[in-house]
Amino acid sequence: MVIVGGGTSGWMCAAALSKTLRSDPGRALCDVLLIESEEIGTVGVGEATLPQIKDFNSHLGLNEADFMRRTRATFKLGIEFRDWGRKGNSYVHPFGDFGQPVAGADFVHAWSRGQALGETAPVEAWSYAVQAARRGRFDFPSEDVKSIKSTYNYAYHFDAGLYAAYLREFAEKHGLKRIEGRVTDVRRVADNGDIAAVVLASGEVVEGDLFIDCSGFRGLLIDQVMQAPWQDWSGWLPCDRAVAMPCEASGSSLPLTQSVALEAGWRWRIPLQHRTGNGYVFSSQYLSDDEATMRLSGLLEGAPTADAKILRFKTGRRLGSWSGNCIAIGLASGFLEPLESTSIYLSQIAITSLLQLFPSPDQPFRVDARLRNEFNRRVDLEYDRVRDFLILHYRANSRDDGELWRYVRHMPVPDSLHDKIAQFRRRGYIHHYREGLFSPASWLAVFTGQDIVPQGHDRLIDAMPDEKLVETLHDLKRRIDLNVDDMPRHDDFIRNYCAAPGLDTHNLQGASL
């Protein structure tokens with residue numbers, strides 16, 4: 001198996017494949033080889049993750065504290081959105097539930113009826129993750145599923161370049177071979193068009209049965225060779241540029257990624273132990289690269305630690321991420337702006353699906369079309385669900401301070417998203433998917449955070465008397481507040497658990513926006 005390209009997705013793929021397929025050198029299912037060139041840079045600004053990354057690291061057997069020290073990571077309990085929906089607004093999309101079911105109904109219905117009874121607190125008052133994040137607190141969730149302290153999860157902020165290097169070290173220890181080189185030609189099988197080998201600038205020919213394209217936006221194999229079509233989603237997600245610029249850290253940190261809506265897009269802020277990651281995602285229709293760079297520079301909280309980096313992209317996905325004997329993973333497969341930190345997750349889910357569907361080793365290698373079709377179905381579904389969730393952030397806005405916001409507020413949206421909005425607005429209904437990334441709690445956070453509120457509720461909740469419902473809401477909120485106040489400070493937890501060597505452990509990170 002040949003992986004073309006490194007970066008985060010390439011080394012995630014290499015680590016997982018070498019661990020799973022070569023865990024027993026005496027019975028290795030296949031050889032794994034990765035080709036990358038130091039001449040070709042990587043995007044390398046992805047620093048925010050989702051809780052699923054813990055499953056990936058656990059599969060590899062990584063020690064969490066060591067991984068966090070080596071990648072200079074901090075914890076993440078959710079994403080704060082400022083000035084989305086309307087200017088002056090702030091809400092958090094948490095990694096966890098809102099409240100608990102009441103009278104057999106989802107919590108949203110208890111909260112909705114409570115609003116009608118005069119309970120004015122926003123729904124995030126009943127989120128353990130939100131309350132901890134806003135107060136700068138962190139601790140590991142309880143393993144007791146009956147405890148209110150088990151109702152949240154967490155992810156990480158880390159240095160993507162250090163993470164790739166960490167995984168490279170891991171993969172090479174598990175038998176992966178790395179070749180330094182730049183692919184200049186591709187040889188194909190005459191009868192079916194599959195890839196037979198890649199040719200490097202040095203003249204070396206690298207043969208393989210299966211080729212993994214992790215070459216980023218170039219799509220070196222999946223696009224230039226296999227010519228898998230691209231489905232363009234820029235009509236719904238018009239931002240096509242980003243400028244990234246890290247700066248020095250200062251002050252204390254919150255366990256949150258922060259997204260702040262600006263005139264022609266939005267700004268990210270990601271706290272690491274050694275720096276703050278900053279970026280401005282924008283539409284080139286409404287703002288130039290130079291203007292975006294100047295705008296971001298004026299918002300930095302410390303001195304820049306690197307020059308501004310401009311990224312150009314097109315939002316969408318491949319129609320057939322697995323074509324022939326070529327599988328695209330990461331940016332070669334598709335791109336959705338980092339508004340909900342989904343980039344690393346989308347690589348992870350593709351890698352996991354590949355391992356689950358890996359062709360049988362008990363016969364000469366061949367690609368089973370049924371496995372390929374199932375892989376593409378899974379990947380397509382993940383991208384489509386994330387797409388709708390991102391579009392919701394733009395569609396549900398009432399800003400009037402920029403052409404971008406006026407455009408996205410009135411643009412037609414996919415029928416799948418239109419139906420979700422209508423069903424929630426009518427009676428607070430959110431479908432529980434068996435597959436796909438975002439849970440009902442995620443949709444609830446954005447709906448209510450951007451002023452889409454239910455006009456009705458589940459009639460099951462009407463069985464509870466008014467006084468009992470209000471008492472239940474107050475008791476649950478009080479239990480969350482008391483437990484959160486007892487949690488350690490986020491910075492203190494990092495200092496004691498995973499502080500990176502050589503850093504000032506008394507001043508780990510930057511202040512909030």
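If you read the sequence from its start, that first residue is 1, and numbering goes on from there. None of these values were measured; they are calculated from a predicted model.
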Output field: ring centroids [X]/[Y] closer than 6.0 Å:
{"X": "Y433", "Y": "F438", "result": "no"}
{"X": "F389", "Y": "H93", "result": "yes"}
{"X": "Y383", "Y": "F335", "result": "no"}
{"X": "Y407", "Y": "Y394", "result": "no"}

- [ ] Decide yes or no on salt bridge (charged side-chain N to carboxylate O under 4.0 Å, His left out) for R378 and E374, but give the supporting numbers first.
- [x] CA-CA 6 Å; R378 294 185 189 186; E374 173 61 12; 2.9 Å; yes

Just by distance, do the side chain of [X] and the backbone of [Y] share a donor-acceptor pair under 3.5 Å?
{"X": "N153", "Y": "F95", "value": "no"}
{"X": "R399", "Y": "D83", "value": "yes"}
{"X": "Q131", "Y": "E124", "value": "yes"}
{"X": "Q231", "Y": "R317", "value": "no"}
{"X": "T20", "Y": "L17", "value": "no"}
{"X": "N496", "Y": "D492", "value": "yes"}
{"X": "D475", "Y": "E471", "value": "no"}
{"X": "R275", "Y": "A249", "value": "no"}
{"X": "N63", "Y": "G61", "value": "no"}
{"X": "E119", "Y": "A121", "value": "yes"}

Distance only, no hydrogens: is a donor on one side chain within 3.5 Å (strictly under) of an acceptor on the other, for [X] and [Y]?
{"X": "E80", "Y": "S90", "answer": "yes"}
{"X": "S259", "Y": "W84", "answer": "yes"}
{"X": "W266", "Y": "E337", "answer": "yes"}
{"X": "Y345", "Y": "E340", "answer": "no"}
{"X": "D144", "Y": "S150", "answer": "no"}
{"X": "N57", "Y": "Y156", "answer": "no"}
{"X": "K76", "Y": "T257", "answer": "yes"}
{"X": "R269", "Y": "Q258", "answer": "yes"}
{"X": "S416", "Y": "D388", "answer": "yes"}

Open item on the list: Determine whether D66 and Y166 satisfy the following criterion, side chain to side chain donor-acceptor pair (under 3.5 Å), listing intermediate values before the conclusion.
Closed with: CA-CA 10 Å; D66 179 64; Y166 188 69; 2.7 Å; yes

Of all the heavy-atom pairs spanning [X] and [Y], show the shortest one and how long it is.
{"X": "I430", "Y": "L444", "value": "CD1-N, 3.8 Å"}
{"X": "P255", "Y": "H157", "value": "C-CE1, 4.3 Å"}
{"X": "G279", "Y": "L296", "value": "CA-CD2, 3.9 Å"}
{"X": "S142", "Y": "S147", "value": "OG-CB, 4.0 Å"}
{"X": "V379", "Y": "S321", "value": "CG1-OG, 3.9 Å"}
{"X": "E263", "Y": "L404", "value": "O-CB, 4.4 Å"}

Task: Lys/Arg-Asp/Glu bridge criterion (N-O < 4.0 Å) met for D466, R113 - done: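 Yes, D466 and R113 are salt-bridged.
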
Task: Salt bridge present between D481 and R478 (N-O < 4.0 angstrom) - done: no

TODO: Show your reasoning for whether side-chain contact (heavy atoms from CB on, under 4.5 Å) applies to N89 and R82.
DONE: CA-CA 6 Å; N89 187 31; R82 293 191 182 184; over 6 Å; no

How long is the straight-line distance from [atom2] of [Y] back to [atom1] of [X], given to the nearest 0.5 Å?
{"X": "S333", "Y": "N376", "atom1": "OG", "atom2": "CG", "value": "8.5 Å"}
{"X": "F98", "Y": "D106", "atom1": "CZ", "atom2": "CG", "value": "12.5 Å"}
{"X": "L256", "Y": "H490", "atom1": "CG", "atom2": "NE2", "value": "9.0 Å"}
{"X": "R137", "Y": "F75", "atom1": "CZ", "atom2": "CZ", "value": "15.5 Å"}
{"X": "C247", "Y": "N278", "atom1": "SG", "atom2": "CG", "value": "4.5 Å"}
{"X": "T352", "Y": "Q356", "atom1": "OG1", "atom2": "CD", "value": "6.5 Å"}

Under 4.5 Å between any side-chain heavy atoms of [X] and [Y], yes or no?
{"X": "N397", "Y": "V408", "result": "yes"}
{"X": "W443", "Y": "L392", "result": "yes"}
{"X": "L262", "Y": "Y280", "result": "yes"}
{"X": "D159", "Y": "H274", "result": "yes"}
{"X": "T71", "Y": "L272", "result": "no"}
{"X": "F107", "Y": "V123", "result": "yes"}
{"X": "T342", "Y": "Q348", "result": "no"}
{"X": "P440", "Y": "H432", "result": "yes"}

Is it the case that atom [atom1] in [X] sees more than 12 heavy atoms from other parts of the structure closer than 6.0 Å?
{"X": "D415", "atom1": "CG", "value": "no"}
{"X": "H431", "atom1": "NE2", "value": "yes"}
{"X": "K149", "atom1": "NZ", "value": "no"}

Open item on the list: Could you go through R135 and D485, starting from their C-alpha distance and side-chain angles, then the distance that decides it, and tell me whether this counts as salt bridge (charged side-chain N to carboxylate O under 4.0 Å, His left out)?
Closed with: CA-CA 8 Å; R135 301 178 204 185; D485 285 342; 2.8 Å; yes

- [ ] Describe, in one word, how the ring planes of F138 and F140 are oriented to each other, choosing from parallel (under 30°), tilted (30 to 60°) and perpendicular (over 60°).
- [x] perpendicular

TODO: Take the angle between the ring planes of F81 and Y91 and call it parallel below 30°, perpendicular above 60°, tilted in between.
DONE: parallel

Open item on the list: Working note: H393 + V446, criterion side-chain contact (heavy atoms from CB on, under 4.5 Å); need CA distance, chi angles, decisive distance, verdict.
Closed with: CA-CA 7 Å; H393 295 66; V446 181; 3.6 Å; yes

TODO: Would you sort out whether H59 and D55 count as a side-chain contact (heavy atoms from CB on, under 4.5 Å), showing the intermediate values?
DONE: CA-CA 6 Å; H59 170 74; D55 297 331; over 6 Å; no

- [ ] Would you please test R377 and D380 for salt bridge (charged side-chain N to carboxylate O under 4.0 Å, His left out) and show each step?
- [x] CA-CA 5 Å; R377 184 196 69 82; D380 291 354; over 6 Å; no

Open item on the list: Assess the residue pair I391 and L237 against the criterion (side-chain contact (heavy atoms from CB on, under 4.5 Å)); give the C-alpha distance rounded to whole Å, side-chain angles, the decisive distance to 0.1 Å, and a yes or no.
Closed with: CA-CA 7 Å; I391 295 172; L237 295 167; 3.9 Å; yes

